[in-house]
J.: 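Quick one: structure below, then a few questions.
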Amino acid sequence: MKLTDKEIESVIRLDPGKRFEYAIKRIADNESLYSAKFPKGDYAIIPCNNTYLFPIWSACQYCERCIDVSTMQCVEISLDQFVDEIIDLISSNGWELAVFPLSNGDYGKITTLSEFCESLKSALEDYQ
């Protein structure tokens, strides 16, 4: 999905709740989401207080604006891969999600795996 600069700038200015809603809709539309990995294959988890956050974006362009592309890469995760692999990874580590974090220290919407999955399920049902 190719985004225009105008759309990117507009979405980045939204508050975390609105970015979450936007991300859920786009993830449902495209049946994929994006995160970041280090070259050795570990996901780029964000430390936050007493927990860790698994970052999620709705498009690679947003991810690449927030990560250090010299040390990380944006990776696409299909919804099937998310269900088959990533949910277990997040759950087994007790992580939460950072949906649409920004490079300025804004963690985006911090949410539980359960809340994210319920919101995504509801968005996907709208397309059926």
J.: Under the side-chain hydrogen bond (donor to acceptor under 3.5 Å, both in side chains) definition, can you give me all pairs with a residue in residues 78-93, not counting sequence neighbours?
T.: Q81-E85
J.: Any non-hydrogen side-chain atom of I24 less than 4.5 Å from a side-chain atom of F116?
T.: yes
J.: How long is the gap from CZ on F82 to CD1 on I87, to the nearest 0.5 Å?
T.: 5.0 Å
J.: Find out whether Q61 and R65 are in side-chain contact, i.e. whether some heavy atom of one side chain is under 4.5 Å from a heavy atom of the other.
T.: no
J.: Please test T51 against I110 for side-chain contact (heavy atoms from CB on, under 4.5 Å), starting from the C-alpha separation and ending with a verdict.
T.: CA-CA 11 Å; T51 190; I110 298 173; over 6 Å; no
J.: Can you check whether S32's main-chain N or O pairs, donor with acceptor, with N30's side chain at less than 3.5 Å?
T.: no
J.: Closest heavy-atom contact between F38 and A44?
T.: CE1-CA, 3.6 Å
J.: Taking atom CG of D15 as the centre, does the number of heavy atoms from other residues, nucleotides or ligands within less than 6.0 Å exceed 12?
T.: yes
J.: Would you check if the side chain of S122 reaches a backbone N or O of E118 as a donor-acceptor pair within less than 3.5 Å?
T.: no
J.: Taking the six-membered ring for Trp, is the centroid-to-centroid distance between F100 and Y62 below 6.0 Å?
T.: yes
J.: Search all heavy atoms of Y34 against all heavy atoms of C74 and return the closest pair with its distance.
T.: CD2-SG, 3.6 Å
J.: For the residue pair A28 and L120, what are the closest heavy atoms and their distance?
T.: N-CD1, 4.0 Å
J.: Only counting residues at least two apart or in another chain, list the ones meeting salt bridge (charged side-chain N to carboxylate O under 4.0 Å, His left out) with K25.
T.: D29
J.: What do you reckon, is CG of D68 surrounded by more than 12 foreign heavy atoms closer than 6.0 Å?
T.: yes
J.: Transitively linked via ILVMFWY side-chain contacts under 4.5 Å: L97 with I77?
T.: yes
J.: Provide the closest heavy-atom pair for S35 versus P55 in the form atom of the first, atom of the second, distance.
T.: OG-O, 2.7 Å
J.: Quick one: CD on E96 to OG1 on T111, what's the gap to the nearest 0.5 Å?
T.: 7.5 Å
J.: Hey, which of I86, L79, V75, V99 is the one that makes side-chain contact (heavy atoms from CB on, under 4.5 Å) with L33?
T.: L79
J.: Is there a path of hydrophobic side-chain contacts, each under 4.5 Å between heavy atoms, that joins L53 and I90?
T.: no
J.: Out of curiosity, M72 CE to I67 CD1, how far, rounded to the nearest 0.5 Å?
T.: 6.0 Å
J.: State the CG-OG distance between L3 and S10, to the nearest 0.5 angstrom.
T.: 11.5 Å
J.: What residues, two or more places apart in sequence or in another chain, satisfy ring pair (Phe, Tyr, Trp, His ring centres under 6.0 Å) together with Y43?
T.: F54
J.: Cluster question for you: counting only ILVMFWY and a side-chain heavy-atom cut-off of under 4.5 Å, with indirect links fine, are L89 and I46 together?
T.: no
J.: Checking salt bridge (charged side-chain N to carboxylate O under 4.0 Å, His left out) between R26 and each of E7, E31, E21, which is the one that passes?
T.: E7
J.: Return the CD1 to CZ distance between I8 and R13, rounded to the nearest 0.5 Å.
T.: 11.5 Å
J.: Just how far is it from atom OH of Y107 to atom CG of N104, taken to the nearest 0.5 Å?
T.: 11.0 Å
